[in-house]
Peer 1: 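First the structure, which I've put down as C-alpha cells, then a few questions once you've had a look.
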Amino acid sequence: MMTIEPQNIDKVCELCKNEINICLSQKGYRLTKTENHPEAFGSKYWVWTNQELKHCFRFIWEGKDQLLVLEDSPYLNDPQKTAWADLTIVPFDPSNDKLEYWNYIKKSITEEIR
C-alpha cells in the first residue's frame, strides 16, 4: 500500500501552480480563485481567468483519486457556472519524492498551455 505524504502533495501542487502561473500570466491570465477542501481528501484547486479572451483554466488536486488535472473553459463571469473540459489528467504518487518525477509531473501538466 502506498504511503500518502501530504507534504509531497503540497510541494508538487505548488511547483505546478507556480509554473502554470508563469505560463498563463504571460498570456494575460491572472489567478482569481483558490480553494482548499481538507474534508474532501485534501482536494484543492486554482482558477486563472482572462477577461479579454473570456477564457479560464483550473488546476486541481483531486485527493480521492490522487490526480492532478488541468481544465479549461469559456469564462462566464462566474467560474462555478462554467462547463469545464479536461485538458490533462496526471496520476500522482504522493509517496514519490524524487525531483525528476516531480519535474515530469510539472511538464505533463503545463505542456497544454505552453
Side-chain angles (χ1 to χ4, degrees):
M1 184 171 167
M2 173 174 31
T3 304
I4 302 297
E5 298 290 345
Q7 68 273 17
N8 288 347
I9 296 165
D10 291 342
K11 288 176 185 175
V12 165
C13 284
E14 192 67 19
L15 180 74
C16 291
K17 180 193 73 125
N18 289 342
E19 188 70 16
I20 292 167
N21 199 53
I22 290 167
C23 293
L24 291 180
S25 65
Q26 294 172 351
K27 297 178 181 187
Y29 289 82
R30 66 182 186 86
L31 184 61
T32 55
K33 187 170 188 173
T34 300
E35 284 201 16
N36 292 304
H37 298 279
E39 73 287 355
F41 304 96
S43 295
K44 53 183 94 182
Y45 71 87
W46 299 264
V47 176
W48 288 262
T49 58
N50 182 316
Q51 293 284 345
E52 187 177 315
L53 298 176
K54 298 288 187 208
H55 188 263
C56 53
F57 287 95
R58 180 166 65 176
F59 173 57
I60 303 167
W61 163 248
E62 207 294 324
K64 182 177 182 185
D65 295 322
Q66 299 185 4
L67 299 171
L68 293 163
V69 182
L70 183 65
E71 302 175 320
D72 79 330
S73 180
Y75 181 66
L76 303 171
N77 296 328
D78 183 356
Q80 295 299 323
K81 296 179 181 174
T82 308
W84 295 100
D86 295 340
L87 292 175
T88 306
I89 300 173
V90 180
F92 177 65
D93 174 359
S95 67
N96 189 334
D97 62 358
K98 297 197 178 355
L99 184 58
E100 306 84 43
Y101 177 63
W102 292 8
N103 283 329
Y104 163 78
I105 296 291
K106 177 180 75 171
K107 183 178 181 231
S108 297
I109 289 293
T110 58
E111 67 188 351
E112 287 290 328
I113 58 173
R114 293 207 169 273

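Because the structure is a prediction, the values reported are computed rather than measured.
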Peer 1: If I compare all heavy atoms of Cys23 with all of Arg114, which pair ends up nearest, and what's the gap?
Peer 2: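 Closest approach of Cys23 to Arg114: SG-NH1, 3.4 Å.
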Peer 1: Just how far is it from atom CD1 of Ile20 to atom OG of Ser25, taken to the nearest 0.5 Å?
Peer 2: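 Taking CD1 in Ile20 and OG in Ser25, the distance rounds to 11.5 Å.
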Peer 1: Count the heavy atoms of every other residue, nucleotide or ligand shown that sit under 6.0 Å from NZ of Lys107, and state whether that count exceeds 12.
Peer 2: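 No, not enclosed.
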Peer 1: Take His37 and Tyr45 through the test side-chain hydrogen bond (donor to acceptor under 3.5 Å, both in side chains) and record every step on the way to the result.
Peer 2: CA-CA 9 Å; His37 298 279; Tyr45 71 87; 5.3 Å; no
Peer 1: Can you list the residues that meet the ring pair (Phe, Tyr, Trp, His ring centres under 6.0 Å) rule with Tyr104, with sequence neighbours excluded?
Peer 2: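 Counting only residues at least two positions away or on another chain, Tyr104 forms no ring pair (Phe, Tyr, Trp, His ring centres under 6.0 Å).
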Peer 1: Distance check, rounded to the nearest 0.5 Å: Arg58 atom CZ versus Ser73 atom OG?
Peer 2: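 Going from the CZ atom of Arg58 to the OG atom of Ser73 covers 8.5 Å.
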Peer 1: Are any of the side-chain heavy atoms of Val69 and Trp84 separated by less than 4.5 Å?
Peer 2: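 Not in contact.
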Peer 1: Can you list everything that forms a salt bridge (Lys or Arg N to Asp or Glu O under 4.0 Å) with Glu62? Sequence neighbours excluded, please.
Peer 2: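 So Glu62 forms no salt bridge (Lys or Arg N to Asp or Glu O under 4.0 Å) with any residue.
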Peer 1: Do you know which two heavy atoms are closest between Ser108 and Val90, and how far apart they sit?
Peer 2: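 Taking Ser108 first and Val90 second, the nearest heavy atoms are CB-CG2, 3.8 Å.
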Peer 1: State, to 0.1 Å, how close Ile105 and Val12 come at their nearest heavy-atom pair, and which atoms those are.
Peer 2: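 So the minimum-distance heavy-atom pair works out to CG2-CG1, 3.9 Å.
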Peer 1: Decide yes or no on side chain to side chain contact (heavy atoms under 4.5 Å, CB included) for Cys16 and Leu70, but give the supporting numbers first.
Peer 2: CA-CA 10 Å; Cys16 291; Leu70 183 65; over 6 Å; no
Peer 1: Do you know the tightest heavy-atom contact between Ile113 and Phe57?
Peer 2: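 Smallest heavy-atom distance, with atoms named: CG2-CE2, 3.5 Å.
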Peer 1: Could you go through Trp48 and Asn21, starting from their C-alpha distance and side-chain angles, then the distance that decides it, and tell me whether this counts as side-chain hydrogen bond (donor to acceptor under 3.5 Å, both in side chains)?
Peer 2: CA-CA 8 Å; Trp48 288 262; Asn21 199 53; 2.7 Å; yes
Peer 1: Could I get the full list of ring pair (Phe, Tyr, Trp, His ring centres under 6.0 Å) partners for Phe59, not counting sequence neighbours?
Peer 2: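 Once residues adjacent in sequence are excluded, the partners of Phe59 under the ring pair (Phe, Tyr, Trp, His ring centres under 6.0 Å) criterion are Trp46.
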Peer 1: Suppose the criterion is salt bridge (Lys or Arg N to Asp or Glu O under 4.0 Å): which pairs have a residue in residues 37-46, not counting sequence neighbours?
Peer 2: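 Listed once each, the pairs are Asp10-Lys44.
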Peer 1: Checking Glu14 now: which residues fulfil salt bridge (Lys or Arg N to Asp or Glu O under 4.0 Å) with it, not counting sequence neighbours?
Peer 2: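 Checked Glu14 against salt bridge (Lys or Arg N to Asp or Glu O under 4.0 Å); matches are Lys17.
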Peer 1: Who are the side-chain hydrogen bond (donor to acceptor under 3.5 Å, both in side chains) partners of Trp61, not counting sequence neighbours?
Peer 2: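 Listed in chain order: nothing, the list is empty.
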Peer 1: Which class fits the ring pair Phe92 and Tyr101: parallel under 30°, tilted 30 to 60°, perpendicular over 60°?
Peer 2: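 Parallel.
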